[in-house]
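Heads up: the structure comes next, in structure tokens.
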Amino acid sequence: MSDLASRITKPDEPAKKVDWAESVEADENKQQAEAEAAAGAAEAQVDGAVEELGGSGLQEPEWDVEVSLSELQANEATPFHSATQWQDMGLSEDLLKGLLALKFLKPSKVQGKSLPLMLSDPPRNMMAQSQSGTGKTAAFVTAILSRVDFTKPDQPQALALAPSRELARQIEGVVNAIGRFIEPLKVAAAIPGALPRDQPVRSAVIVGTPGTVQDVIKRRQLDVSQLKVLVLDEADNMLDQQGMGDQCLRVKNMLPKSVQILLFSATFPDKVGSYATKFAPNAHSLKLQRSELTVKGISQMFIDCADDNIKYDVLCKLYGLMTIGQSVIFVKTRESANEIQRRMVADGHKVSALHAAFDGNERDELLSKFRQGENKVLITTNVLARGIDVSTVSMVINYDIPMKGRGDSEPDAETYLHRIGRTGRFGRVGVSISFVYDKKSYDALLGIANTYGIDLVRLDTDDWDEAEERVKEVIKKNRAQAAYAPSATDNAKAS
DNA sequence: AAAAAAC
């Protein structure tokens with residue numbers, strides 16, 4: 001055991017914690033063997049996918065679908081089954097063509113389960129939970145494009161809200177990608193600085209952030225009288241956040257009472273459950289068990305950095321691995337994002353930083369450069385923790401473990417899950433490495449691991465060869481699988 | 001106390 005490892009089990013620490021650390025170490029050999037076996041299995045799976053072409057390659061758990069008794073008794077026409085083909089969903093030919101052109105040959109599980117529910121008549125609210133990178137955006141975008149009447153292309157009919165500018169822009173791109181064959185399709189981004197002032201919005205679909213959307217409705221720039229659908233992406237975050245929860249509610253209250261409300265997220269913590277139920281009453285609900293939330297393709301690891309000063313050195317040692325694919329480094333504050341970026345650049349590394357202190361155009365440009373692979377390493381805050389889809393991201397680093405509550409008293413398990421979900425998208429694999437550097441961060445990571453039943457692999461700062469080998473392994477698997485895992489966002493950027 | 005989100 002290295003010096004660093006001995007720090008992790010110092011005697012004043014609770015027994016439970018020691019058990020965890022030791023069991024992780026004891027499992028190392030076993031896990032290595034299993035990893036090798038899994039690598040073989042993954043390759044076989046890829047081969048299978050080649051033959052089957054059309055399977056998404058996703059291994060998703062069974063759903064816990066809540067269906068009321070009266071609905072079960074209704075009749076068979078009520079689509080409480082999972083559709084297995086796009087052709088079963090009554091989509092327009094243009095929409096079908098758009099999906100197939102994106103290589104979305106068959107619906108993923110969340111798409112197959114949620115779309116028949118969202119498109120049922122009369123419309124009913126929906127609360128849908130599915131792991132990161134399983135195609136939630138394409139699911140609600142398809143629902144939106146299916147509900148909109150394109151004989152009235154200037155009339156606002158569907159509104160999607162997201163918690164960050166970047167995510168709103170990304171959804172806008174997916175609407176354009178899936179709706180590529182719909183003519184005329186008009187989409188507007190209601191985010192700061194993107195709409196001409198005092199001009200009416202003449203688009204059937206609007207994607208935006210809550211503050212700007214509230215503003216344009218109040219100014220009567222956006223006519224919501226014919227709005228049919230309201231989507232909250234990252235709904236738990238939108239409703240939980242003080243400020244944003246209010247804004248979302250105010251927006252909803254300005255819309256017609258008949259509007260169909262669709263809530264999507266990978267996480268719906270109990271805390272927001274009752275508020276979400278009030279926000280979208282009588283909703284169809286797709287839920288996951290807590291233990292089903294982890295994405296199997298993401299290898300989750302941690303490094304004991306011993307203390308805060310060593311974190312930066314460890315980060316620089318990982319730089320070579322970060323640039324094999326692309327990487328996102330999450331830190332707590334904007335200021336530390338700036339500072340670490342400056343330092344790494346001074347030390348000869350190419351790293352960019354993105355957070356909400358930059359102005360809108362700069363933010364758009366930074367993310368666009370990252371999507372195009374011009375920048376391989378991006379250091380950021382929680383602004384990019386949720387929803388952002390860059391298929392080539394193979395590594396996520398939690399430089400700071402996400403915390404929440406007064407005085408950062410609690411681990412933020414939801415944010416952890418969303419952050420690592422920036423890799424391993426749609427059947428791909430990825431790596432996450434979390435930095436532990438004191439008792440508090442150690443306890444926090446332990447808490448998160450226990451919450452989801454995660455097996456974390458410990459990387460030794462004395463053995464970088466092993467770290468390198470593990471990371472290269474997953475990236476190799478990723479390449480093999482990449483061709484069979486489509487991405488609407490990749491396509492959006494290309495067009 | 002921080003991140004995000006409005007003018």
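All chains are named by letter (A, B, ...) in the order of the sequence lines, taking the proteins before the strands, and each is independently numbered beginning at 1.
- When the P atom of B:dA3 is taken as reference, atom CZ of A:Phe358 falls 13 Å away, rounded to whole Å.
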List the atom pairs, donor and acceptor, that lie under 3.5 Å between side-chain atoms in residues 308-320 of chain A and the rest of the protein, sequence neighbours left out.
unit_1   : atom_1 : unit_2   : atom_2 : d
A:Asp308 : OD1    : A:Lys311 : NZ     : 3.4
A:Lys311 : NZ     : A:Tyr399 : O      : 3.0
A:Lys311 : NZ     : A:Asp400 : OD1    : 2.8
A:Tyr312 : OH     : A:Arg343 : O      : 3.2
A:Tyr312 : OH     : A:Met344 : N      : 3.3
A:Tyr312 : OH     : A:Asp347 : OD2    : 2.6
A:Tyr319 : OH     : A:Lys350 : N      : 3.0
A:Tyr319 : OH     : A:Lys350 : O      : 3.3

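- Rounded to an integer number of Å, the gap from A:Leu249 CG to B:dA5 P is 20 Å.
- Of all the residues in residues 197-212 of chain A, A:Arg197, A:Thr209, A:Pro210, A:Gly211, A:Thr212 reach under 4.0 Å from DNA chain B with at least one non-hydrogen atom.
- Residue pairs that meet the side-chain hydrogen bond (donor to acceptor under 3.5 Å, both in side chains) test with at least one member in residues 187-202 of chain A, sequence neighbours left out, are A:Asp198-A:Arg219.
- Between the C1' atom of B:dA2 and the CD atom of A:Glu335 lies a distance of 13 Å, rounded to the nearest Å.
- A:Glu374 CD to A:Ser368 OG: the interatomic distance, rounded to the nearest 0.5 Å, is 8.0 Å.
- Atom CE of A:Met238 and atom C1' of B:dA6 are 14 Å apart (whole Å).
- For A:Arg386 and B:dA4, the shortest distance from a side-chain N or O to OP1 or OP2 is not below 4.0 Å.
- Geometric assessment of A:Lys252 against the ring of A:Phe279 yields a positive cation-pi assignment under the 6.0 Å and 45° thresholds.
- A:Arg165 comes within contact range of the sugar-phosphate backbone alone, with a heavy-atom separation under 4.0 Å but no base atom that close.
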Apply side chain to side chain contact (heavy atoms under 4.5 Å, CB included) to the pair A:Met126 and A:Ser114, showing each step before the final yes or no.
-> CA-CA 8 Å; A:Met126 167 107 226; A:Ser114 69; 4.2 Å; yes

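- Distance, A:Asp359 CG to B:dA5 P: 13 Å, rounded to whole Å.
- Across all strands shown, A:Asn237 has no heavy atoms under 4.0 Å from either base or sugar-phosphate atoms.
- With rounding to whole Å, A:Leu384 atom CG is found 15 Å from B:dA5 atom C1'.
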Verdict with reasoning, A:Thr277 to A:Ser274, per side-chain hydrogen bond (donor to acceptor under 3.5 Å, both in side chains) | CA-CA 5 Å; A:Thr277 307; A:Ser274 62; over 6 Å; no

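- Between A:Arg169 and the choices A:Leu367, A:Thr209, A:Ile191, the side chain to side chain contact (heavy atoms under 4.5 Å, CB included) rule is met once, by A:Ile191.
- Listed pair A:Thr381 / B:dA2 fails the phosphate criterion, with no side-chain N or O lying under 4.0 Å from OP1 or OP2.
- Each of B:dA6, B:dA4, B:dA2 was ranked by its minimum atom distance to the side chain of A:Lys332; first place goes to B:dA2.
- Contact check, A:Arg363 against B:dA5: a side-chain N or O comes under 4.0 Å of OP1 or OP2.
- Residue contacts for A:Glu234: at a heavy-atom cut-off of 4.0 Å it reaches no nucleic acid atom on any strand shown.
- If you take CD of A:Gln214 and C1' of B:dA5, they are 10 Å apart, rounded to a whole angstrom.
- Taking atom CG of A:Asp233 as the reference point, atom P of B:dA4 lies 18 Å away to the nearest angstrom.
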